[in-house]
2 protein chains.
Amino acid sequence: MKVAIYGYGNLGRGVEAAVNCADDMELVGIFTRRAPETVKSVLGTKVFSADDILNFKDKVDVLIICGGSATDLPTMTPALAKNFNVVDSFDTHARIGEHFEKVDAAAKEGKKVAVISVGWDPGMFSIARIYSYCIMPNGKSNTFWGRGVSQGHSDAIRRIDGVLDARQYTVPIEETLNKVRNGDTTDFTARQMHKRECYVVAKEGADKDKIAKEIKEMPNYFADYDTSVTFISEEEMKKNHASLPHGGFVIRTGSTGNGDNRHTIEYSLKLDSNPEFTGSVLVAFARAAVKLNNKGEAGCKTAFDIAPAELSPLTADELRHTML
Amino acid sequence: MKVAIYGYGNLGRGVEAAVNCADDMELVGIFTRRAPETVKSVLGTKVFSADDILNFKDKVDVLIICGGSATDLPTMTPALAKNFNVVDSFDTHARIGEHFEKVDAAAKEGKKVAVISVGWDPGMFSIARIYSYCIMPNGKSNTFWGRGVSQGHSDAIRRIDGVLDARQYTVPIEETLNKVRNGDTTDFTARQMHKRECYVVAKEGADKDKIAKEIKEMPNYFADYDTSVTFISEEEMKKNHASLPHGGFVIRTGSTGNGDNRHTIEYSLKLDSNPEFTGSVLVAFARAAVKLNNKGEAGCKTAFDIAPAELSPLTADELRHTML
């Protein structure tokens with residue numbers, strides 16, 4: 001299976017590492033919109049210009065698109081799905097419907113399979129939500145994120161005047177997590193479910209009180225949460241906050257029968273590296289895209305539309321013997 | 001969707017309760033090998049003789065077979081799959097390959113869909129194992145069961161001379177569970193992973209020491225575990241051990257990239273009623289069997305071969321908007 005990576009940031013590097021671990025895959029190249037000679041691949045993969053991608057139409061079985069959801073993927077994925085089987089990690093929940101329609105039309109036109117919105121949320125957490133809902137319709141699902149670094153929230157802090165660098169950790173509130181686990185079906189507020197811890201490097205002479213106030217009062221991002229702001233040095237940021245851990249919990253509680261019997265279904269992830277794990281999920285779904293296209297399928301799919309066996313390099317018989 | 005139940009014990013009652021909660025399903029009847037007039041349905045479902053099942057060939061969209069794996073399902077499922085879409089919970093792991101082949105041939109002959117080995121293990125736990133393996137190939141999976149009642153182990157105790165009734169709880173060893181969660185990849189022994197708690201009602205005048213010794217030394221069932229035996233009265237058995245709770249944990253730990261970044265994927269169930277929860281899983285896969293057969297598919301499938309969306313009564317668009 002010949003795989004290529006389109007876009008080479010943290011996620012692209014995670015995908016590169018994951019393809020390298022897959023015995024049934026070969027990495028053809030990395031495609032970048034930057035000048036290729038300025039991009040150094042971690043594992044020595046060849047780097048090409050994104051402009052040359054169509055020359056690889058017959059040399060690539062699946063293209064893993066590692067762009068951002070805000071501006072890259074809405075145009076990239078539909079454009080590329082006309083000529084390649086593709087996978088992306090589009091994660092703007094509110095716009096998935098729109099993205100799906102555009103990608104579906106393009107993939108059908110090109111007779112390709114496009115898998116969108118895979119990673120861990122959307123992705124593995126979506127899978128946890130759909131299965132637990134289907135097998136226990138009488139119940140309530142809750143998703144908690146963290147403890148982990150939110151890139152979006154970190155970026156929001158960095159845009160504040162006087163801020164040199166910032167890292168924001170989303171932290172689930174343990175007490176609420178345990179209430180949910182034990183069947184409490186209250187509609188908890190944002191503040192009851194998560195808190196936000198911010199580590200900030202201020203520019204020399206910056207007004208730290210003003211920065212902290214601006215963070216804590218920022219609408220949508222921080223105002224609805226208990227937010228702590230800790231100022232640290234550049235050295236401490238490099239030493240203690242360089243990695244990108246994340247994770248979370250999908251918990252569904254509910255009942256069967258006349259309601260007397262209660263059940264808890266829980267799926268959780270604890271990840272040292274968000275981009276490496278997300279990259280690994282993308283690679284598994286890239287395999288599925290190729291397998292489905294080889295069976296004659298075309299169009300856009302999400303994790304909901306793909307049978308688990310399609311993600312595996314093992315045969316159906318091997319899977320039944322080893323994992324069922 | 002017209003559903004029927006074939007076999008009416010604990011599991012059959014669990015399926016009856018679950019179908020009753022599904023708005024898109026109608027329960028046509030319960031089929032029993034006993035005299036139908038001797039079987040009282042919990043929810044007032046009509047009871048028919050198993051001998052009449054072929055008269056319902058065009059009145060039933062899917063048949064949920066609630067027999068035992070030891071002697072019932074190996075013959076029942078292939079026989080019924082020729083004429084009906086069927087679902088079973090065949091759970092003898094070592095014989096699934098053989099069962100699959102027989103059911104596949106029958107279902108293909110009848111142009112029906114047969115889903116075998118669904119419940120929570122095999123079933124939901126198998127799904128947890130395959131996804132976590134596919135997205136993190138460098139790692140190790142462990143499954144823990146309990147705390148919960150094992151019917152097989154309870155039955156084994158009941159067969160001992162002098163035993164009136166018995167209930168056996170399988171209990172995961174918390175210390176090992178936490179080691180596994182934290183990435184320990186030791187091949188733990190059976191004794192290190194689970195212990196067995198037995199509650200026994202002895203017949204009057206029975207030799208309790210002899211019974212306890214016989215239990216603890218029973219090969220395969222108890223000899224390889226730390227086993228406790230507690231003698232209780234019939235009243236206490238009825239009062240404190242009437243329900244059938246179960247559950248467990250599927251944990252995969254591993255790494256991505258150069259191995260520096262470690263991750264833990266965990267799926268767990270905590271169930272008040274094993275048969276009601278298993279019944280609910282069977283009902284969701286029964287829906288999938290009908291949907292797939294309506295699309296023209298035929299043959300035997302396991303949980304690995306079925307996309308999550310097929311289990312749901314919602315449309316693909318509704319699922320993307322509410323659960324992705």
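Lettering follows sequence order; numbering is per chain, from 1. Keep in mind the model is a prediction, meaning the values are calculated, not measured. Hydrogens, waters and symmetry mates are skipped; everything else that's a heavy atom, side chains included, is used.
Here A/M136 contributes atom CE and B/C21 contributes atom SG; the two are 11.5 Å apart, rounded to the nearest 0.5 Å. Taking OG1 from A/T322 and NE2 from B/H93, the interatomic distance works out to 12.0 Å, rounded to the nearest 0.5 Å. Going from atom OG1 of A/T256 over to atom CG of B/L271 covers 8.5 Å, rounded to the nearest 0.5 Å. With rounding to the nearest 0.5 angstrom, the CD atom of A/E101 is 6.5 Å from the CG atom of B/D317.
Interface remark: B/D260 contributes backbone atoms only to the contact with chain A (heavy atom separation under 4.5 Å). Proximity to chain B (any heavy atom under 4.5 Å) is shown, for A/L269, by both the backbone and the side chain. Of the atoms belonging to B/L314, it is side-chain heavy atoms, and not backbone ones, that fall under 4.5 Å from chain A. Contacts between A/F125 and chain B at a heavy-atom distance below 4.5 Å are absent for every atom of the residue. No part of B/F249 comes within reach of chain A, as not one of its non-hydrogen atoms sits under 4.5 angstrom from that chain. Heavy-atom distances place the side chain of B/F100, and not its backbone, under 4.5 Å from chain A. In this structure, chain A has heavy atoms under 4.5 Å from both the backbone and the side chain of B/V281.
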message: Test side chain to side chain contact (heavy atoms under 4.5 Å, CB included) on A/I135 and B/F277; report intermediate values, then the result.
response: CA-CA 8 Å; A/I135 62 180; B/F277 188 81; 3.6 Å; yes
task: Kindly indicate, with the supporting measurements, whether the criterion side chain to side chain contact (heavy atoms under 4.5 Å, CB included) is fulfilled by A/Y267 and B/Y131.
output: CA-CA 12 Å; A/Y267 180 80; B/Y131 275 116; 5.8 Å; no
task: For B/E276 and A/S255, run side chain to side chain contact (heavy atoms under 4.5 Å, CB included): C-alpha distance rounded to whole Å, both residues' side-chain angles, the deciding distance at 0.1 Å, then the answer.
output: CA-CA 9 Å; B/E276 280 192 6; A/S255 63; over 6 Å; no
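Applying a 4.5 Å heavy-atom cutoff, the residues of residues 296-307 of chain A that approach chain B are A/T302, A/A303, A/F304, A/D305, A/I306, A/A307.
Nearest heavy-atom pair across B/P308 and A/I130 is CB-CG2, 3.7 Å.
Taking the side chain as every heavy atom from C-beta outward, A/M124 and B/S132 never approach each other to under 4.5 Å.
Between chain A and the residues B/I96, B/T253, B/I265, B/N138, the most heavy-atom pairs under 4.5 angstrom are made by B/I265. Contact count versus chain A (heavy atoms, under 4.5 Å) is highest, among B/R129, B/H321, B/R320, for B/R320.
No donor-acceptor distance shorter than 3.5 angstrom exists from the side chain of B/D272 to the backbone of A/N261, with no hydrogens or angles considered.
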